[in-house]
Structure formats: structure tokens, C-alpha cells
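Single-structure report; data block below.
Throughout, residue positions are numbered sequentially from 1 according to the sequence presented.
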Amino acid sequence: MTLTDAEKAAVLSLWRKVSGNLEALGAEALERLFSAYPQTKSYFSQFDVSHGSADLRYHGAKILGAIGEAALHLDDFNLALSKLSELHAYNLRVEPVHFQLISHAVQTVLAAHYPEEFTPETHAAWDKYLAAVSAFLTIKYR
């Protein structure tokens with residue numbers, strides 16, 4: 001899935017705003033994920049998944065950090081996501097559908113916190129971008 005220049009610009013523009021608040025936004029995305037899809041908590045059994053916990057802030061920041069690293073390598077996800085793909089496929093054995101679920105939670109958080117910037121065009125660009133990230137993360141499952 002190839003992003004147009006306009007879509008790349010939309011992803012990077014919003015990412016610059018998001019990148020300064022990874023812990024809070026990432027934790028909120030995980031909380032939304034767990035609330036909407038409680039079965040996803042099973043992958044985080046060793047974590048304190050209570051509201052605002054240090055575990056949620058730390059892992060939420062890691063998730064958004066990986067999304068941001070991929071945004072910096074829009075033309076070659078392999079540089080940013082190859083090891084993460086292997087980890088999730090071989091060690092963590094995360095079901096591929098869960099990448100789509102966290103993508104939806106992330107977009108919901110972005111829309112809530114950046115309503116002026118999260119225009120329909122930006123939403124479409126982020127949706128396409130996160131679908132590409134999700135697809136790349138499942139590459140090792142095949």
C-alpha cells in the first residue's frame with residue numbers, strides 16, 4: 001500500500017504534534033483498546049492495566065513510538081518494523097487482528113485530542129498508514 005505525497009504529509013504533520021505526548025496518548029489508546037476489546041488484555045497479563053498505570057504509560061509510549069518510527073520510514077517499513085514483526089509473530093504470538101484493533105484505538109485518541117488537525121483527509125491518510133503498518137507487522141505470520 002503506497003501513500004501519496006499528500007497522505008505522507010498528513011501523517012507526518014500530525015505525528016509531529018503527537019510525538020511530544022507519547023505516554024499519555026499511548027496509555028489512553030491502550031485503555032480504549034482494553035475497554036472496547038477486553039480479550040486483548042490477555043496479551044498484557046503481566047501488566048498493571050489500571051487507569052494511568054506506569055505499565056500502560058510505558059507500553060503505550062512504546063507502541064506510539066514504533067508507529068512514529070515507521071512514520072519516519074514511510075517508504076521502507078522494513079527499517080523500522082522488521083524486528084517488531086518478528087517479536088509479535090514468533091515470541092508474543094499476537095493475533096494479527098489485534099493490530100487493526102489498536103490502530104482503531106490510536107485513531108480514536110488522535111481524533112479526540114487533535115480535532116482541528118484530524119480532518120477527513122488526515123483521518124483517511126492515518127487509516128491507510130496504520131493499515132499498512134498492521135499489514136507489515138503480520139508479514140512474518142505467512
Side-chain angles (χ1 to χ4, degrees), residues 1-45 47 49-142:
M1 186 176 304
T2 304
L3 296 167
T4 66
D5 288 341
E7 290 167 335
K8 289 176 185 179
V11 167
L12 289 171
S13 176
L14 186 55
W15 174 250
R16 285 191 280 281
K17 295 179 186 235
V18 171
S19 64
N21 200 11
L22 298 183
E23 279 192 7
L25 297 174
E28 184 178 334
L30 284 173
E31 288 178 11
R32 287 177 181 274
L33 175 73
F34 298 152
S35 176
Y37 307 100
Q39 71 275 18
T40 59
K41 288 181 187 178
S42 66
Y43 292 104
F44 301 89
S45 60
F47 285 16
V49 296
S50 62
H51 174 70
S53 75
D55 286 336
L56 284 183
R57 289 191 317 271
Y58 174 78
H59 199 71
K62 279 181 69 173
I63 290 169
L64 288 186
I67 289 170
E69 185 64 22
L72 300 177
H73 297 94
L74 288 170
D75 294 318
D76 188 4
F77 284 157
N78 195 46
L79 290 173
L81 298 174
S82 182
K83 289 181 182 175
L84 204 54
S85 177
E86 289 178 15
L87 173 69
H88 284 80
Y90 301 138
N91 297 82
L92 301 175
R93 298 189 176 146
V94 173
E95 293 178 49
V97 69
H98 291 119
F99 297 121
Q100 295 167 349
L101 300 179
I102 190 65
S103 293
H104 180 72
V106 166
Q107 287 184 76
T108 302
V109 169
L110 296 179
H113 286 270
Y114 303 98
E116 298 285 322
E117 295 87 351
F118 208 72
T119 64
E121 295 80 16
T122 299
H123 183 179
W126 270 84
D127 190 52
K128 188 174 177 182
Y129 164 62
L130 291 175
V133 168
S134 296
F136 186 89
L137 288 173
T138 64
I139 215 161
K140 299 292 181 180
Y141 289 77
R142 298 176 194 130

Subject >> Residues Thr119, Thr122; criterion side-chain hydrogen bond (donor to acceptor under 3.5 Å, both in side chains); working and verdict >> reply: CA-CA 5 Å; Thr119 64; Thr122 299; 3.1 Å; yes

**OP:** Specify the closest pair of heavy atoms between Glu7 and Thr2, including all atoms of both residues, with the distance to one decimal.
**Re:** OE1-O, 4.1 Å

**OP:** Go through the side-chain N and O atoms of Ser50 and Ser53 and say whether any donor and acceptor fall under 3.5 Å apart.
**Re:** no

Original post:
With sequence neighbours left out, what residues match Phe44 under ring pair (Phe, Tyr, Trp, His ring centres under 6.0 Å)?
Top reply: Phe34, Phe47, His59

Subject >> Shortest non-hydrogen contact from Val94 toward Tyr43 >> reply: CA-CE2, 3.6 Å

Could you go through residues 18-26 and list every donor-acceptor pair under 3.5 Å that involves a side-chain atom there, pairing it with any protein atom two or more places apart or in another chain?
residue : atom : partner : partner atom : Å
Ser19   : OG   : Trp15   : O            : 3.4
Ser19   : OG   : Arg16   : O            : 3.1

**OP:** Can you measure from CD (Gln107) to CG (Leu14) and round to the nearest 0.5 angstrom?
**Re:** 10.0 Å

Side-chain polar contacts of residues 60-73 - donor-acceptor pairs under 3.5 angstrom, sequence neighbours left out - could you list them?
residue : atom : partner : partner atom : Å
His73   : ND1  : Glu69   : O            : 3.0

**OP:** Hey, could you give me the OG1/NE2 distance between Thr108 and His113, rounded to the nearest 0.5 Å?
**Re:** 10.5 Å

Original post:
Can you list the residues that meet the salt bridge (Lys or Arg N to Asp or Glu O under 4.0 Å) rule with Asp75, with sequence neighbours excluded?
Top reply: Lys8

Original post:
Is the number of heavy atoms from other residues, nucleotides or ligands within 6.0 Å of OH (Tyr58) greater than 12?
Top reply: no

Subject >> Shortest non-hydrogen contact from Glu31 toward Gly52 >> reply: OE2-N, 2.9 Å

**OP:** Grab the two heavy atoms, one from Leu33 and one from Ala105, that are nearest each other, plus how far apart they are.
**Re:** N-CB, 4.1 Å

Subject >> Partner residues of Lys41 under the salt bridge (Lys or Arg N to Asp or Glu O under 4.0 Å) criterion, sequence neighbours left out >> reply: none

**OP:** Tell me, please, which residues at least two apart from Glu95 pass salt bridge (Lys or Arg N to Asp or Glu O under 4.0 Å).
**Re:** none

